[in-house]
Structures are given as structure tokens and as C-alpha cells.
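Heads up: the structure comes next, in C-alpha cells.
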Amino acid sequence: MKSAVETLNPTRVRLTVEVPFEELKDSLDAAYKKINQQVTVKGFRKGKVPARVIDQRFGRGAVLEEAVNDALPKFYTEAVNEAEINPLGQPEVDITELKDGETLNFTAEVDVRPTVEIPDYSGIEVTVDAVEVTDEDVEKAVEQLRERFASTNPVERAAAEGDVVTIDLEAKVDGEVLPDGVANGVSYTIGSGELLDGVDEAVTGLEAGGEATFTSQLKGGSAEGKDAEVTVKVTAVAARELPELDDDFAQLASEFDTLEELKADSRKRLENTKQYDQATQAQERVLEELLKLVEVPIPEKLLEDEVNTRKHNLEHHQLGQMGLTIDKYLEIQGKSAEEFDAETREQAVKGIKTQFILDELVNKEKLNVNQEELTEHLMRRAASSGMSPDQFAQAVVEGGQVPMLVGEVARGKALAVVVEAAKVTDTNGEVVDLDEDEDEATEEKAEASAEDAEKTEG
């Protein structure tokens, strides 16, 4: 077999392949054997029909077609390896010449990974938010914890904001009660905004047994989006009582003996959270600067596929789980279809570019992924997917996705290398020294970016 490669553009090549006919022998034998199992010829046992008879009865062309279909993937792979290219996706194959007994010639056009030159990235500088936890932040965190331990006690008075009311609801559209428009015994905290617009105003000031009617646009159900006349009846009013902020509360709500110890722990937790957020912000901003440094041509077919995949996943998975259509989603976001398409394309370009650059960095820095790193990543992915680690691991193995996970971890390590080399300062002008825990956060975030950018290569 002889092959030659022609570069059509930075992301696409054409392979020209010439195959001597004798190299089709194995595929021809396999074609005769396959046809033999499928046909019946009087006077011959099944599977024992001679080749000349098959040629006479069914045509040599049918045999050649079967043989070529069988042989093309092997010859294409050999040509790819010989040319030392990295194909993306499936090739467009065109048989240019097929002479029985002489030769098989074909061309294959395929997108390829572009050559990516990684410049010196040690000069990258970014600014991130400073890690600052105020007394107000601590008080807010403790107050939120206090809210979780609030109790409710029935009261004989008009309902006010913050009270918990038990209500019955009935919704009508065009004077008819909706099939799914009745709900009884609903517990609702006034001011929480968790029910229909207008319900807060309707129940405020009502005592148990009180009733009011208001108009509201339905957020879901059989008449979603329509204006409904809603009747609400209050059957009970309860006041929320917060526990005293003292040592007894600290012992009730935590493992600490004093309120001061609880506040100190809250401060530490807030600092850890902000440090993680700071590391994530550093990763995102360093990546943005890295992307600016590197020119990466994007294969058009790959980009189209990625845009379509992102749209499909949003419409049929994410929005489907929320019960939203793409039109409703765009309405909520306040975007036109054209704006959505432009944003999706921009995100797809960034994802592909990120993957190409980080993959090249993996090669340049000679980064490897060990079993422990892969296992940790698998555990995180399992947790985010809602599956047990064993279930997720089984799905990954059965789906042949282990190389994909390895790639995600490697890209995370590559980006962590760039972040480590960059100069990161906070808004106070202080140099940020990312410790090991923050480096791990950076790798986790980078791995998430790698998941988002993952492409199917063939």
C-alpha cells in the first residue's frame, strides 16, 4: 500500500491511498464466505458454493463491494499511522479507482488536530478577590444556622411576614377550576416567595378561617403561563420563634460548647470557602490569559458538532428535567435565538480551544496520571452525577470512557502547572500563595473545564 497526505488547511488533510489488489485477498475471502452464508444455490450445500458460481449468479461487483467495505477501515488506519496525523471524527472517503485484479485507489478527507505552539506562559499575571471575612459575614452565617433551628407555635392573630401559615388553594381559569388547581394543607412561610406571585399580599392580615382572592400567572401545571383567579383560605397561623444566641444554642446546633467557639468555626469555614473560590477564580483568569496567548485554528466540522451537542444536551436533558422548552428558557433569560446561538458558538470555540491547548501542555510538560488521581477524579464525577462510585466506574468502563477521564485529569494538572507559574495577586495588592488544598481546587476546576471541552475523536 502507498499513501500520501495533502494539507488542505491547518485543520484538514486529504489522504490519497493506492492499494495493490493482492492486499485485498483476505477481504475478498471474507466477502465470499459471508455471501456463502447468506445465499442458497440449488445443487450446492449451504456455505459450499464455489466463488465462480457466486460471481455468475450474484455478480463479481457485489463481492468487490463487500470486500472493499471490509478493507477500507484497515487501509485508512494504516495511512493515518503512516502520515502520523491525529484525526478528529470520521473521514469522508471517496473511491477514485477500483480495477478488478489490479488496484484500489481512494481518498479520505478528515479533520485533524491543529499544530499548537505553546509560548512562554510564566509572565501571566492576574488579579483575584481578596479573602476577607467580616464580622457581618460571620453574623449572617450564624443567623442562617439559627433560622434552621427555629420553632413554630400556633397564634390567634392575623398573619404577618415571617409567619408560617397553613393554606388551601383553588385556581380557576375562565371560571373553571383547573384539574390540578386545588391544593389543601399547604405550609407556607410568608415572604419566602416560594408560591404564586400575590399570595403574600393575599394572606397577610388574615386570621385562621380568613379567605382572599387574587390574580396570578401560573408558573406550571396544565395552564402554565395563563392568568388564574386564585382563592386562598388560611386554616392556621403559626409564629416562628428563633432560639436565643447563647452557649445553649451552640451546643444544640453544633459540636461546640460556647457561642464564641461556634462563631470562630463559622469564620474558619467562610475563610476556607473564600480561599477555594479565590483558587477557582485564579484558574479561570489564568486560563483566559493563556487562551489569549495561543492561536488555535478550529476545525469547522468539529465546531458544528460541538454546538449541536451543547444545544441537544441543554434542550433534552437540562431543560427537560426542569420542564422547560427552549423557547421558555430564552424568554426567561431575555435572549433572542440569534443571541443564544452566538453565545453557544462562542462557548464551544472556547471549549475546543481549551482542550487543544491543555492537551499540548500535557505533552510538553510530560504529565502523567496515576491510579490514585484517576480514582479521586472518578469519585468526584460519581458524586456530581448522583451515582455511586461503583455504578459510575462500571458505566465508564462499559462505555469505553476511561481514556476520556484520564484526559480530563491530565488537563487539570496541565492548567495547575500554568497557574503555579503565573503571578496571582489579590485586590489588596498581596501576592496569593496557593497552597496544596487550593491547588487541588484549581485541578478540580480545570478537570471540570476539561469535561466540558471533551470531544469524540476517531
Return yes if some donor-acceptor pair links the side-chain N/O of [X] with the main-chain N/O of [Y] below 3.5 Å, else return no.
| X | Y | result |
| --- | --- | --- |
| Asp94 | Thr96 | no |
| Gln394 | Gln391 | no |
| Glu360 | Ile357 | no |
| Gln401 | Gly399 | yes |
| Glu271 | Glu132 | no |
| Glu66 | Ile35 | no |

Answer yes when [X] and [Y] have at least one side-chain N-carboxylate O distance shorter than 4.0 Å, and no when they do not.
| X | Y | value |
| --- | --- | --- |
| Lys140 | Glu136 | no |
| Arg240 | Glu147 | yes |
| Glu346 | Lys353 | no |
| Glu376 | Arg381 | no |
| Lys34 | Asp70 | no |
| Arg146 | Glu143 | yes |
| Glu289 | Lys292 | yes |
| Arg12 | Glu300 | no |
| Glu373 | Lys413 | yes |
| Glu97 | Lys99 | yes |
| Asp129 | Lys274 | no |
| Lys25 | Asp29 | yes |
| Glu288 | Lys350 | yes |

Val112 to Pro299 - nearest heavy-atom pair and separation
O-CG, 4.1 Å

Verify side-chain hydrogen bond (donor to acceptor under 3.5 Å, both in side chains) between Asp277 and Thr280, making sure each step is shown before the conclusion.
CA-CA 5 Å; Asp277 292 343; Thr280 298; 5.3 Å; no

Does atom [atom1] of [X] have more than 12 heavy-atom neighbours, drawn from other residues, nucleotides or ligands, at distances under 6.0 Å?
| X | atom1 | value |
| --- | --- | --- |
| Lys172 | NZ | no |
| Glu22 | CD | yes |
| Asn9 | CG | yes |
| Asp174 | CG | no |

Hey, mind stepping through Glu229 and Thr215 against side-chain hydrogen bond (donor to acceptor under 3.5 Å, both in side chains) and telling me if it holds?
CA-CA 5 Å; Glu229 183 183 82; Thr215 300; 5.9 Å; no

side-chain hydrogen bond (donor to acceptor under 3.5 Å, both in side chains) partner of Asp265, chosen from Arg267, Lys268, Arg269:
Arg269

Cut-off 3.5 Å, side chains only: do Thr325 and Asp327 have a donor facing an acceptor?
no

Residue set satisfying salt bridge (charged side-chain N to carboxylate O under 4.0 Å, His left out) with Lys301, at least two apart, ordered chain then number -> Asp305

Should Phe340 and Ile326 count as side-chain neighbours, where that means a heavy-atom distance under 4.5 Å?
yes

